[in-house]
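Accompanying notes for the structure given below.
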Amino acid sequence: MWTELIQEVRVAQMGVQILFGFLLTVVFTPKYEELSETNQMIYLVTVVLGAVTTGALIGPVSLHRLVSGRRVKPQAVRWASRLTVLGLVLLLATMAASLLLILRVATHDGFVPYLVTGVVCWYLLCWFGIPLWTRYRGASR
C-alpha cells in the first residue's frame, strides 16, 4: 500500500507545485496592483491554500523518510493516507479559489460563481464520488 500511496501523492504534488509556483509570481506583476480588494483577498486566500496543500501533500514523503525502518509501517500508511486525502480536499479548495480569481479578472461576469461551482462539483465527482461509489459497490459484493 505504501508504494501505491507514494505514487498517488507524486501525481498530486506535481500539480500543486506548478499551481503554487504560478501563484507566487502573480503578486510581482503590474496587474496585481489593479486588482480590486476582493480579488486581492481571494488571491491571498488562494496562496495560503496552496501553501497548506503543498504541506499536506509533501507530508507523506517526510513521514516515510522519518519513520522508515522503525516497524511502524501500518500506522505510517494510515497517517500518510489521511494527509493525502486532506491534501486532495485542500487542492480542491485551491483550484476553486484560483479558478474563481482568474475568471473574475478575465470576465467580470455574474456567471463566474456558477461556473466555479460546476467545476467544483466535477472535481468532487471525479476525486471522491466515483471512488467512493466504486468502494461501496466493491464492498457490497
Side-chain angles (χ1 to χ4, degrees), residues 1-107 109-141:
M1 286 184 69
W2 186 259
T3 303
E4 291 171 351
L5 180 63
I6 292 300
Q7 286 300 102
E8 294 163 2
V9 167
R10 281 188 184 138
V11 171
Q13 275 179 347
M14 180 66 75
V16 77
Q17 287 171 337
I18 291 169
L19 177 60
F20 188 53
F22 164 75
L23 287 170
L24 291 177
T25 66
V26 171
V27 74
F28 298 107
T29 65
K31 182 80 174 170
Y32 180 78
E33 290 298 323
E34 298 172 18
L35 294 177
S36 69
E37 281 188 37
T38 301
N39 286 341
Q40 286 184 1
M41 184 56 66
I42 293 170
Y43 170 74
L44 293 175
V45 167
T46 304
V47 168
V48 171
L49 283 169
V52 297
T53 302
T54 300
L57 291 175
I58 292 176
V61 175
S62 175
L63 178 66
H64 178 262
R65 184 54 31 224
L66 293 174
V67 303
S68 184
R70 307 254 184 219
R71 301 175 197 259
V72 293
K73 190 169 269 186
Q75 298 94 319
V77 169
R78 267 194 307 279
W79 276 106
S81 181
R82 290 173 184 155
L83 282 170
T84 302
V85 171
L86 175 62
L88 289 174
V89 170
L90 290 168
L91 180 57
L92 173 66
T94 306
M95 296 288 291
S98 298
L99 187 60
L100 177 65
L101 177 62
I102 290 167
L103 292 177
R104 281 176 54 98
V105 171
T107 67
D109 253 328
F111 72 87
V112 168
Y114 301 106
L115 185 56
V116 172
T117 299
V119 172
V120 167
C121 288
W122 175 248
Y123 286 159
L124 287 170
L125 176 68
C126 293
W127 294 0
F128 300 102
I130 292 171
L132 290 172
W133 180 75
T134 303
R135 180 177 170 178
Y136 171 77
R137 296 229 350 150
S140 65
R141 290 184 180 180

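The analysis underlying the following values was restricted to heavy atoms, covering all of them including side chains, and did not include hydrogens, waters or symmetry mates. The chain is numbered in sequence order, starting from 1.
- Minimum heavy-atom separation, T46 to A97: OG1-CB, 3.0 Å.
- Distance CG/L83 to CG/L63: 7.0 Å, rounded to 0.5 Å.
- Within the 4.5 Å cutoff, no side-chain heavy atoms of F22 are placed close to those of I18.
- Shown here for C126 and P131, the closest heavy-atom pair between the two residues is O-CD, 3.5 Å.
- The shortest non-hydrogen separation linking T94 to G50 is OG1-N, 3.6 Å.
- We find the CG-OG1 distance between L124 and T117 to be 10.5 Å, quoted to the nearest 0.5 Å.
- The local environment of CH2 in W79 is sparse, with at most 12 non-hydrogen atoms from other residues, nucleotides or ligands closer than 6.0 Å.
- Annotation for Q40 and L35: closest pair NE2-O, 3.5 Å, computed over non-hydrogen atoms.
- Counting heavy atoms from C-beta on, the side chains of F20 and T53 never come closer than 4.5 Å.
- Within the structure, the side chain to side chain donor-acceptor pair (under 3.5 Å) test picks out the following pairs touching residues 4-33 (sequence neighbours left out): Q7-R10.
- Note that OG1 of T107 and CG of L115 are 8.5 Å apart. Values are rounded to the nearest 0.5 Å.
- The nearest pair of heavy atoms linking V120 to A96 is CG2-CB, 3.5 Å.
- Between the side chain of S81 and the backbone N or O of V77 there is no donor-acceptor pair closer than 3.5 Å.
- The line from CG of L66 to OG of S62 is 4.5 Å long, rounded to the nearest 0.5 Å.
- The one candidate from L92, L91, L99 that meets the side chain to side chain contact (heavy atoms under 4.5 Å, CB included) condition with M95 is L91.
- Considering all non-hydrogen atoms of both residues, L57 and A12 come closest at CD1-CB, 3.8 Å.
- More than 12 heavy-atom neighbours from other residues, nucleotides or ligands sit within 6.0 angstrom of CZ on F111.
- Atom CG of residue L125 and atom CG of residue L132 lie 10.5 Å apart, to the nearest 0.5 angstrom.
- To the nearest 0.5 Å, atoms NZ (K73) and CZ (R78) are separated by 13.5 Å.
- No side-chain heavy atom of Q75 sits less than 4.5 Å from a side-chain heavy atom of V67.
- Between L88 and F128, the closest side-chain pair of non-hydrogen atoms falls below 4.5 Å.
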